[in-house]
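Down below is the structure, laid out as structure tokens.
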Amino acid sequence: MKVTLERLPESRVQLEIEVEPDRLERSLDAAYKRLVPTLRIPGFRPGKAPRRIVEQMVGRDRLLSEALDALVPAAYTEALESEEVDAVDQPELEILEMEPVRFKATVPVRPTVTLGDYEAIRIAPEPVEVTDEMFDEQMEMIRRRFATIAPVERGAEWDDILTADIKGTVDGAPFVQDEDVEFPLREGQRLLLPDLAEQFLGMEAESEKTVELPVPEDFPEQVANKTASITLTVKAVKEEELPDEDDDLAQQVNPDEFETIDDLHERVRNDLRETLQRQADEAYRLKVVDELVGLSEIEYPQVLLDREIDGIIRESHGSDVRAYQAHLAQIGKTTDEFREMYREPAQERLFRSLVLSELTSAEGIEVTDAEVDEQLEKMLEPLGEQAESMRTMFESDRGSASIRNTLLTDKTLARLQEIATAESAEPEEEEAE
């Protein structure tokens with residue numbers, strides 16, 4: 001077998017493969033043996049007609065076609081191994097000649113990533129700060145958990161709890177129909193349409209009114225940029241009475257943990273700080289990874305980007321094909337148009353993954369079996385009685401591989417963060433002076 005390899009753009013390889021005549025002959029003979037039992041030829045018992053008779057009956061092209069069905073895949077697989085081609089998807093095949101057998105196979109291969117000077121990356125982390133506004137907002141949320149709600153005989157105000165019917169049409173067709181829906185009337189929060197929440201202000205229980213509101217352009221095209229006629233029927237107006245921010249509130253939250261309101265305040269501030277720090281760390285690591293992406297040269301096959309788009313759509317819309325098609329019809333998008341919306345974020349995810357994988361190799365980062373076992377125990381610890389039933393899943397080959405990959409990514413990100421936050425080893429000129 002003769003193989004000629006040519007590298008193409010976008011991480012593709014073209015193999016031109018020519019099969020020796022004697023191998024073709026063996027494949028023709030094998031094809032004859034597969035065909036002859038299926039034929040009924042006068043004068044011969046089933047499966048006993050000689051090859052020349054079968055060839056005369058079905059034609060040489062039919063026999064060649066049958067032979068190539070088995071020969072081409074086998075020759076292609078051998079060519080991949082002999083040329084050490086790391087294919088990531090099925091090839092595009094083109095038969096050039098039948099006798100001798102000569103064909104082309106164009107196949108996508110693993111991406112090529114050339115990292116830039118990543119050791120020179122320096123990005124200062126942003127400090128986190130728990131502002132008074134954040135703290136007050138969190139405390140208000142806690143107070144609302146223990147609020148009492150009572151009906152009032154007045155018009156609705158911000159932060160009231162309303163029970164209402166909301167019915168509307170666009171061009172006479174139904175647009176919204178919610179009955180007995182209960183919701184808080186919050187300033188700045190959108191209810192279905194912009195300015196809809198404001199229409200409830202001042203409405204009393206058992207009152208009704210109809211308003212005309214524009215439908216924004218981000219709605220399905222059947223209704224976007226049109227006018228909706230909305231009928232609001234308020235059935236009840238209730239007022240939230242928040243508890244005072246004192247020791248009693250702290251006891252209500254958890255009497256075993258908080259004796260005083262100061263104890264609760266301290267916990268709230270600490271939790272906020274931890275949350276902000278975790279978010280800041282995640283944002284910082286993404287920023288550093290994107291810096292590495294910008295320094296690197298990446299060549300990749302289109303099929304990997306298509307898979308990444310598939311993954312994002314599956315994560316956001318599930319695997320229900322009918323529901324997916326119904327969603328496309330609702331928003332007025334074709335499959336190609338919808339996929340195009342995810343091309344940029346998918347490419348972003350793919351590039352981050354590729355440079356991190358290359359950095360893992362460049363830095364020789366590894367995860368030991370002991371580290372996988374330790375992480376497994378940490379994951380099982382909070383599961384209580386369900387821990388043992390979940391252990392089997394986590395200890396499977398797939399589960400262990402998932403844990404190992406997560407740890408490997410965490411280690412690589414930690415190493416990149418270590419590089420990016422390191423102080424320069426060379427003093428600046430002013431400091432030297």
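Between the CZ atom of R404 and the CD atom of Q375 there is a distance of 12.0 Å, given to the nearest 0.5 Å. Remark: L232 CG to L191 CG distance equals 9.5 Å, nearest 0.5 Å. To the nearest 0.5 angstrom, D89 atom CG is 12.5 Å from R12 atom CZ. Here the straight-line distance linking atom CG of L295 with atom OG1 of T114 works out to 12.5 Å at 0.5 Å rounding. A distance of 10.5 Å separates CG of L304 from CZ of F351, quoted to the nearest 0.5 Å. Distance check, rounded to the nearest 0.5 Å: CD of E266 to CG of L264 gives 10.5 Å.
The backbone N or O of A173 lies less than 3.5 Å from no partner atom in the side chain of D171, so there is not a single donor-acceptor pair. S353 places no side-chain N or O within donor-acceptor distance of the main-chain N or O of R349, the cut-off being under 3.5 Å. R110 places no side-chain N or O within 3.5 Å of a backbone atom of V85 that could act as its donor or acceptor partner. Using modelled atom types, no side-chain atom of E157 and backbone atom of L201 make a donor-acceptor pair closer than 3.5 Å. Side-chain atoms of S396 come within 3.5 Å of backbone N or O of M393 as a donor-acceptor pair. At least one donor-acceptor pair under 3.5 Å links the side chain of D320 to the backbone N or O of A323. No donor-acceptor distance shorter than 3.5 angstrom exists from the side chain of Q14 to the backbone of E6, with no hydrogens or angles considered. Judged by distance alone, the side chain of D247 and the main-chain N or O of A250 form no donor-acceptor pair under 3.5 Å. Using a distance-only test at 3.5 Å, with no hydrogens or angles considered, no donor-acceptor pair links the side chain of Q189 to the main chain of L185. With hydrogens and angles ignored, the 3.5 Å screen pairs a side-chain donor or acceptor of S316 with a backbone N or O of I313.
Heavy-atom neighbours of E212 CD from other residues, nucleotides or ligands within 6.0 Å: above the threshold of 12. The environment of K411 atom NZ is dense: over 12 non-hydrogen atoms of other residues, nucleotides or ligands sit within 6.0 angstrom. With a 6.0 Å radius and a threshold of 12 heavy atoms from other residues, nucleotides or ligands, E381 has its CD atom at or below the threshold.
In summary, the side chains of N270 and R267 do not present any donor paired with an acceptor at a separation below 3.5 Å, with no hydrogens or angles considered. Side-chain contact, Y76 with Q90: no donor N or O sits under 3.5 Å from an acceptor N or O. Side-chain N/O atoms of Y118 and E363 include a donor and acceptor closer than 3.5 Å. Counting only N and O atoms by type, the side chains of D281 and Q277 include a donor and acceptor under 3.5 Å apart.
Classification of the F135-H265 ring pair by plane angle, with boundaries at 30° and 60°, yields perpendicular.
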